[in-house]
Number of protein chains: 2
Amino acid sequence: MTTPTPRSVNLRRVADEAGVHPSTASRALNPATRHLVAAPAAGRVQEAAARLGYRPDAAAMSLRTGRSRLVGALVPGIANPVFAPILAAAAAALAEDGHALLVADPGDDPERAAEFVAELAARRVDGLLLATVSLRDDPALAACLARGLPAVLINRSGGEGVPAVVSDDRAGMALAVRHLAALGHRRIAHVGGPAPLSTGLQRREGFEEAMAALGLPVPPGWVEAATAYGRAEGEAAASLLLARCPGVTALACANDLLALGAYDACRRAGLRIPAAISVTGHNDMPLVDMIEPPLTTVRIPHEEMGRRAARLLLDRIHQGAPAGAVVLAPTLVERGSSGPPRAGEGDAGSL
Amino acid sequence: MTTPTPRSVNLRRVADEAGVHPSTASRALNPATRHLVAAPAAGRVQEAAARLGYRPDAAAMSLRTGRSRLVGALVPGIANPVFAPILAAAAAALAEDGHALLVADPGDDPERAAEFVAELAARRVDGLLLATVSLRDDPALAACLARGLPAVLINRSGGEGVPAVVSDDRAGMALAVRHLAALGHRRIAHVGGPAPLSTGLQRREGFEEAMAALGLPVPPGWVEAATAYGRAEGEAAASLLLARCPGVTALACANDLLALGAYDACRRAGLRIPAAISVTGHNDMPLVDMIEPPLTTVRIPHEEMGRRAARLLLDRIHQGAPAGAVVLAPTLVERGSSGPPRAGEGDAGSL
DNA sequence: TTGAAAGCGATACCAC
DNA sequence: GTGGTATCGCTTTCAA
């Protein structure tokens with residue numbers, strides 16, 4: 001390898017052009033130190049910088065200051081459409097503060113996620129947004145803690161004292177369950193998310209608590225956790241439930257992708273939605289209003305989630321603020337996939 | 001601001017641990033220069049590096065070598081689901097070469113895109129993937145050229161000699177038109193993409209050429225270009241066409257989002273799909289198989305597109321290869337949104 | 001085969 | 001208020 005070609009326009013060039021020392025030019029261009037420079041000199045520097053199209057070199061700045069104006073994000077499956085609006089909102093909020101978002105997708109492998117944290121740390125990211133974290137002893141989160149890297153969880157909680165922006169998952173499932181109950185359903189099964197994820201656990205508990213509060217039974221075997229948040233996994237879990245739960249009239253799913261899988265399972269079983277069976281999702285990801293039938297689901301505020309997480313992280317980066325958890329309120333979006341149960345099946349009916 | 005806290009484990013530390021000079025450690029850790037180091041010393045260095053969990057500091061490396069192992073991507077609207085699989089594939093291919101992908105979303109504003117190029121250049125990205133480029137005199141492309149930054153266009157062509165990975169847009173529209181004609185349609189209108197984009201132009205030309213080749217007329221006003229690739233813009237354009245084109249039996253859309261908007265327009269006009277009117281899309285973005293009716297569309301090979309673009313860019317980065325355009329073959333995916341025209345309306349029927 | 005030293009570009013101290 | 005200078009961590013040329 002050869003010696004690098006010199007950057008076109010650097011601070012020194014700007015300083016020469018303005019007839020000042022590089023130190024002075026640096027001070028004049030930094031809003032925080034500008035007051036240390038005489039007005040005319042500062043003016044000449046800024047003019048020269050603008051004229052030459054000067055931009056501080058990020059690598060040099062990063063090396064010297066230890067910060068990169070880069071924030072990393074870890075998501076499990078960028079293909080999951082629910083992340084698009086969340087990340088877009090986070091990126092926009094970060095951009096307002098001069099930060100760029102570096103998205104990495106380690107999939108569902110926690111060790112790989114921890115490896116990515118190390119790589120991002122080597123790139124000197126100022127902080128991380130984690131959408132991958134599992135509930136206990138997550139390696140990626142541990143890697144952040146070990147390095148003193150500010151981290152904020154998105155749509156996941158990671159235990160006591162870990163900053164996070166989440167939707168109220170228990171309340172969300174309660175909305176879905178009460179909606180189904182109000183339609184007359186009594187035999188409701190739950191397609192759950194992966195147990196090690198906070199969303200999987202909380203939504204399952206939310207389902208069970210809401211059922212109990214309504215005096216509805218949840219027989220053993222009426223809850224089936226999918227192995228991952230995916231359409232195929234949702235179909236597998238829903239198929240099991242359809243075979244196992246006599247007289248089930250509704251499937252409350254922990255996630256929209258699982259609900260799409262439930263659609264597949266119902267279709268294969270010859271059950272029309274919502275005539276024969278109702279299905280609800282969770283997240284209100286893009287396009288679920290266009291499927292047939294349009295999915296009744298629990299809307300989490302994607303944009304707000306991304307924005308709040310970004311702001312929380314920036315607060316931690318700038319002020320080292322401790323920053324607890326933010327819990328956002330979900331809402332129910334009633335569409336076409338839920339309706340009254342078939343006559344005679346709403347109560348403890350026969351098979 | 002204070003002086004930064006020293007990085008935990010740096011090259012010097014590794015060298016000390018191995019009992020060699022930092023230069024030697026550097027050589028021992030770089031595969032390209034390892035042969036210059038005596039085997040036992042090299043072994044000690046690698047062992048020490050592994051034991052301490054050493055990672056070279058990206059900022060320092062970047063500053064010294066001029067390369068960052070970072071590649072930028074510019075997309076117009078990260079929320080557009082078609083980009084998710086493309087970017088995921090590109091990121092995976094780049095990761096194999098040690099590069100990370102930095103995604104930026106300037107929306108539809110070309111000036112803003114050029115601004116982002118400057119910002120990414122200041123971050124010393126090794127190259128750029130551009131999905132935003134318009135057909136002529138694109139500012140972002142010009143900004144890359146001016147800086148000598150390797151760039152590859154994705155799903156867009158930018159004129160002679162600009163490296164690009166695209167689907168054969170003319171052929172794609174021809175697939176859709178021939179499919180509709182084979183079903184018996186003769187009165188087909190086109191919901192076009194924005195004219196300044198290569199996809200908008202090529203797909204429109206592909207539509208017109210295919211219609212001409214089949215001997216089907218395209219009366220004036222039967223082509224309407226949407227102002228942007230979006231659902232709302234598609235609805236607006238499709239509504240115009242429905243009002244303006246007597247006896248139209250099919251809408252061939254330049255893009256899936258436009259087709260979703262066409263669904264909205266047809267619904268508002270009380271036209272059932274495909275009974276009263278057929279609709280086709282282009283791209284086969286995620287989830288369009290789940291909408292009602294499932295969308296007949298032209299599939300572009302997303303993953304291959306992302307992968308090929310990444311490889312092309314890496315070739316340019318490493319070898320300065322000139323790298324022409326890659327044209328991929330689209331395929332037709334027949335689903336439920338296309339069917340035979342209503343009886344008596346397939347040929348030059350009355351209103 | 002290895003050590004010494006320069007330098008990428010910016011910033012933060014210390015003098016003046 | 002301004003200039004000088006050391007320094008962040010690494011690579012690479014030059015000398016030995």
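Residue numbering restarts at 1 for every chain, and letters A, B, ... go by the order of the sequence lines.
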Whole-Å distance separating the [atom1] atom of [X] from the [atom2] atom of [N]:
X: B/Leu11; N: D/dT12; atom1: CG; atom2: P; result: 12 Å
X: B/Asn30; N: D/dC10; atom1: CG; atom2: P; result: 13 Å
X: B/Asp16; N: D/dG9; atom1: CG; atom2: P; result: 13 Å
X: B/Asp57; N: D/dC8; atom1: CG; atom2: P; result: 12 Å
X: B/Arg67; N: D/dC10; atom1: CZ; atom2: P; result: 18 Å
X: A/Arg12; N: C/dC8; atom1: CZ; atom2: P; result: 8 Å
X: A/Asn10; N: C/dT11; atom1: CG; atom2: C1'; result: 14 Å
X: A/Arg13; N: C/dG9; atom1: CZ; atom2: P; result: 13 Å

Closest to the side chain of A/Met61, out of D/dG9, C/dT11, C/dG9, is C/dT11
Nucleotide nearest A/Arg124 when distance is taken to its side chain, options D/dC8, D/dC10, C/dA10: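 Per side-chain heavy atoms of A/Arg124, the pick is D/dC8.
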List the atom pairs, with distances to 0.1 Å, where a side-chain N or O of residues 132-139 of chain B and a protein N or O form a donor-acceptor pair under 3.5 Å, not counting sequence neighbours.
| from | atom 1 | to | atom 2 | distance (Å) |
| --- | --- | --- | --- | --- |
| B/Ser134 | OG | B/Asp138 | OD1 | 3.2 |
| B/Asp138 | OD1 | B/Ser134 | N | 3.1 |
| B/Asp138 | OD2 | B/Ala140 | N | 3.0 |
| B/Asp138 | OD2 | B/Leu141 | N | 3.1 |

Side chain of B/Asp97, backbone of B/His99: donor and acceptor closer than 3.5 Å? no
Any side-chain N or O of B/Tyr54 below 4.0 angstrom from OP1/OP2 of D/dC10? yes
Other residues, nucleotides, ligands: >12 heavy atoms within 6.0 Å of A/Arg12 CZ: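 Counting other residues, nucleotides and ligands, CZ of A/Arg12 stays at 12 neighbours or fewer.
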Check the surroundings of atom CZ in A/Arg44: do more than 12 heavy atoms from other residues, nucleotides or ligands lie under 6.0 Å from it? yes
Can you tell me how far apart CD (A/Glu119) and CZ (A/Arg112) are? Round to the nearest 0.5 Å. 11.5 Å
Reported CE-to-CD1 distance for the pair A/Met305 and A/Ile154, which is rounded to 0.5 angstrom: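 Taking CE in A/Met305 and CD1 in A/Ile154, the distance rounds to 8.0 Å.
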Considering every strand and a 4.0 Å limit on heavy-atom distances, what is the contact class for B/Ala41: base, sugar-phosphate, or nothing?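 The residue B/Ala41 makes sugar-phosphate contact but no base contact.
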What parts of residues 19-27 of chain A reach DNA chain C, counting only heavy atoms under 4.0 Å away?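 Within residues 19-27 of chain A, the residues near DNA chain C are A/Ser23, A/Ser26, A/Arg27.
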Whether B/Arg51 and B/Glu47 form a salt bridge (side-chain N of Lys/Arg under 4.0 Å from carboxylate O of Asp/Glu) is what I want to check. yes
